[in-house]
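We use all heavy atoms of the structure for the numbers below, so side chains are in, but hydrogens, waters and symmetry mates are not.
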Amino acid sequence: MAAIQKITRLQMQWDTQDPFLFCAFHNDNFPKGNGKLGPVDSLTGRNIGQDFTQKDGWAMYHGSKVPGFPAHPHVGFETITIAERGFVDHSDSLGASGRFGKGDVQWMTAGKGVQHSEMFPLVNTEKENPLLLFQIWLNLPAKSKSVAPYFGMMWHENIPVVSKEDSNGNKIKVKLVAGSFDGQKALNPAPDSWAANPDNGINIWLISLEPNAEFIVPKGIDGANRSLYFYEGDAIAAEGFDIPPMHQIKADVNELLRLKNGSSPAQLLLLEGKPIGEPVVKHGPFVGNSRQDIEKAFSNFQETQFGGWPWSTNEHTHAPETERFAIYPDGKKEEL
């Protein structure tokens, strides 16, 4: 039987399947930095605070001086942020903070409520500052929607990468953010995550294919949903389809999916897992199972600000010369 169920074109926010809520994809060709973590280029003509137009190949998003997303709340789900290129300056209402990038992954469980900011510091003043980032929203089941928030880092030096060759010697790499492949397991996810139970079959992989490489996506756990996102390359052939980049492939996990890459290196993201199968009610950054859940989240935020905002600005960043680091809510610090 055919594995491919549907092929669709991707927009900036990628459509996902339960248990995932959506995936934001940021591919910005930021210019040189101005020494203050912002762009050296003029911001004239941009709708500062709401700049999503990708003028000149990049956006400020909600940032006023530094691109990114100033302080905002989340409730009822998780964010998994993969920073393949560029950097993210993180700060949150738990007191945690950090700078990550170059392939690092941040896994944050919002649970009962957290505020955080995610700014994209343009640290290079002598060259451009390209950013390639995925933020995956993974839902939480009702029993876990009110757990305590969690902040965790997966440094790229520790993330497992499986390297293989096809029958013609073309190289394939699979970076394991979650799940397992070819006998190798990813690092542990957040403790209250839907991904923490291996029976849920959560796989988050970044797949790199050399030109002409052939890759077989193995079968997954019965009942899981599978989406492949082809975001970089020229074409991939599968089951008689010639698939251009920036397309999603929804596939049957009970069938092998054979991919044949074209003449350029290709990059794909795989999101897979068993659905939670509960009602989903979303209002911006709040996710619940009912309208009452959303109203409760709004009320809690108004009353507590989810612990308040301990930073001097909603667009908090770290010093330009700062290397990758994380400070956790308990005060523990990691430096790389």
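Hydrophobic cluster of Phe87: the remaining members, joined at side-chain heavy-atom separations below 4.5 Å, are Leu37, Val66, Met119, Val123, listed by chain and number.
By the 4.0 Å N-to-carboxylate-O rule, Asp166 lies too far from Lys260 to be salt-bridged with it. Taking the charged nitrogens against the carboxylate oxygens, Lys145 and Glu278 have no contact shorter than 4.0 Å, which rules out a salt bridge. Checked for salt-bridge contact, Arg226 and Asp252 miss the test: no charged N lies under 4.0 Å from a carboxylate O. Of the charged side-chain nitrogens involved, at least one lies within less than 4.0 Å of a carboxylate oxygen, so that Lys175 and Glu84 count as a salt-bridged pair. A salt bridge links Asp182 with Lys164; the closest basic N to acidic carboxylate O contact falls under 4.0 Å.
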| message | Show, in sequence, the C-alpha distance, side-chain angles and deciding distance for Phe151 and His116, and conclude whether the ring-ring contact (aromatic ring centres under 6.0 Å, His included) test is met. | response | CA-CA 10 Å; Phe151 166 78; His116 74 157; 9.4 Å; no

| message | Pair Glu315, His62 - check side chain to side chain donor-acceptor pair (under 3.5 Å), show working. | response | CA-CA 9 Å; Glu315 301 183 35; His62 293 303; over 6 Å; no

| message | For Glu78 and Trp194: C-alpha separation, side-chain torsions, deciding distance, then whether side chain to side chain donor-acceptor pair (under 3.5 Å) applies. | response | CA-CA 9 Å; Glu78 302 186 283; Trp194 186 247; over 6 Å; no

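Pairing each heavy atom of Phe241 with each of Ile4, the nearest pair is CD1-CD1, 3.9 Å. When every heavy atom of Trp309 is checked against every heavy atom of Ser117, the shortest pair comes out as CH2-N, 3.7 Å. When every heavy atom of Val114 is checked against every heavy atom of Ser93, the shortest pair comes out as CG2-OG, 3.5 Å.
Across Phe134, Tyr229, Phe230, a single residue satisfies ring pair (Phe, Tyr, Trp, His ring centres under 6.0 Å) together with Phe25, and that is Phe134.
Residues Ile136 and Leu271 are in side-chain contact: their nearest non-hydrogen atoms beyond the backbone lie under 4.5 Å apart. In this structure, the side chains of Ile207 and Leu228 come closer than 4.5 Å at one or more pairs of heavy atoms. Counting heavy atoms from C-beta on, the side chains of Leu131 and Arg85 never come closer than 4.5 Å.
More than 12 heavy atoms of other residues, nucleotides or ligands shown are found within 6.0 angstrom of NZ on Lys55. A 6.0 Å sphere centred on CD of Glu126 holds no more than 12 heavy atoms belonging to other residues, nucleotides or ligands. Remark: Asp330 CG is packed, more than 12 non-hydrogen atoms of other residues, nucleotides or ligands lying under 6.0 Å away. Surrounding NZ of Lys250 are more than 12 heavy atoms belonging to other residues, nucleotides or ligands, all under 6.0 Å away. With a 6.0 Å radius and a threshold of 12 heavy atoms from other residues, nucleotides or ligands, Glu323 has its CD atom at or below the threshold.
Partners of Glu128 under the salt bridge (Lys or Arg N to Asp or Glu O under 4.0 Å) rule, at least two apart in sequence or in another chain, do not exist in this structure.
Trp58 and Phe30 have tilted rings, their planes meeting at an angle from 30° to 60° on a 0 to 90° scale. By the 30° and 60° cut-offs, the orientation of the rings of Trp14 relative to Tyr231 is tilted.
Linking Ile, Leu, Val, Met, Phe, Trp and Tyr residues whenever their side-chain heavy atoms come within less than 4.5 Å leaves Phe325 and Met108 in two separate clusters.
Aromatic ring centroids of His26 and Phe69 lie under 6.0 Å apart. In this structure, Trp137 has its ring center closer than 6.0 angstrom to the ring center of His74.
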